[in-house]
Amino acid sequence: MKKKSQRIKAIVEIKAAQEKDTLEALGASQKKLTALQTQVDGLKKYRLDYQEKFNRLGYSGANVGQLLEFRSFMDKLDTAIAGQEQSLQQGKNELETKRKIWEGMHNRTQSLEKVYQSALAIEQKQDSKFEQLEQDERASRLGRNSSGNMKNA
């Protein structure tokens with residue numbers, strides 16, 4: 001039968017592997033969020049550049065058709081930006097959820113590790129005590145055998 005510490009150690013190893021998988025998922029979620037943020041920033045910059053171009057066109061005297069076309073495209077950009085910002089917010093929420101899950105797993109793994117260390121320390125103390133008792137018993141037997149041999153001599 002396995003010792004308590006060995007059984008706990010197996011559980012700790014399983015939990016540590018699960019924690020590692022969760023941490024990897026957290027990292028992937030962070031990368032996804034960074035990519036989404038880059039997209040949103042790029043769209044906002046593009047919209048700002050397009051707005052400046054629209055303003056220059058308006059000052060230089062463009063026809064109504066061009067202005068309406070510019071305005072329509074800017075509305076589409078605004079819609080795209082709003083959609084990306086919504087995706088970004090969902091990504092942030094997902095990241096926060098995954099972070100909380102990982103933190104919970106990490107804390108449980110750390111707690112189990114402490115339980116394992118404690119069980120191991122107790123077992124080592126018991127083993128040491130048992131070994132000491134065996135040595136004392138051997139020494140006692142040797143002492144009795146020695147004095148018994150002297151009486152017989």
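Across every non-hydrogen atom of Ala119 and Ile8, the tightest pair is CB-CD1, 4.1 Å. When all heavy atoms of Gln66 and Asn63 are compared, the closest pair comes out as N-OD1, 2.7 Å. When all heavy atoms are compared, the tightest approach of Arg71 to Asp78 is NH2-OD2, 4.2 Å. Across every non-hydrogen atom of Ile81 and Arg47, the tightest pair is CD1-CB, 3.9 Å.
Contact check for Glu137 versus Ser140: no side-chain heavy atoms found under the 4.5 Å cut-off.
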Got a list of side-chain donor-acceptor pairs under 3.5 Å for residues 15-30, not counting sequence neighbours?
unit_1, atom_1, unit_2, atom_2, d
Glu19, OE1, Thr109, OG1, 3.1
Glu19, OE2, His106, ND1, 2.6
Thr22, OG1, Gln18, O, 2.9

(request) Test salt bridge (charged side-chain N to carboxylate O under 4.0 Å, His left out) on Arg141 and Asp136 and set out the steps. (result) CA-CA 9 Å; Arg141 270 190 265 142; Asp136 290 348; over 6 Å; no

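Atom NZ of Lys4 sits in a sparse spot, with 12 or fewer heavy atoms from other residues, nucleotides or ligands closer than 6.0 Å.
Between Phe73 and Tyr46, the ring planes are perpendicular. Angles over 60° get that label, and only those under 30° would be called parallel.
Defined by atom type and a distance below 3.5 Å, a donor-acceptor pair is missing between the side-chain atoms of Asn107 and Glu103. Donor-acceptor pairing under 3.5 Å is lacking for the side chains of Glu85 and Gln89.
Between Asp49 and Lys44, none of the side-chain N atoms (NZ, or NE/NH1/NH2) sits under 4.0 Å from a carboxylate O, so this pair counts as no salt bridge.
Atom CD of Glu131 is separated from atom CD of Gln135 by 5.5 Å, given to the nearest 0.5 angstrom.
Other members of the cluster containing Leu68 are Val64, with ILVMFWY side chains joined at under 4.5 Å, either directly or via other members.
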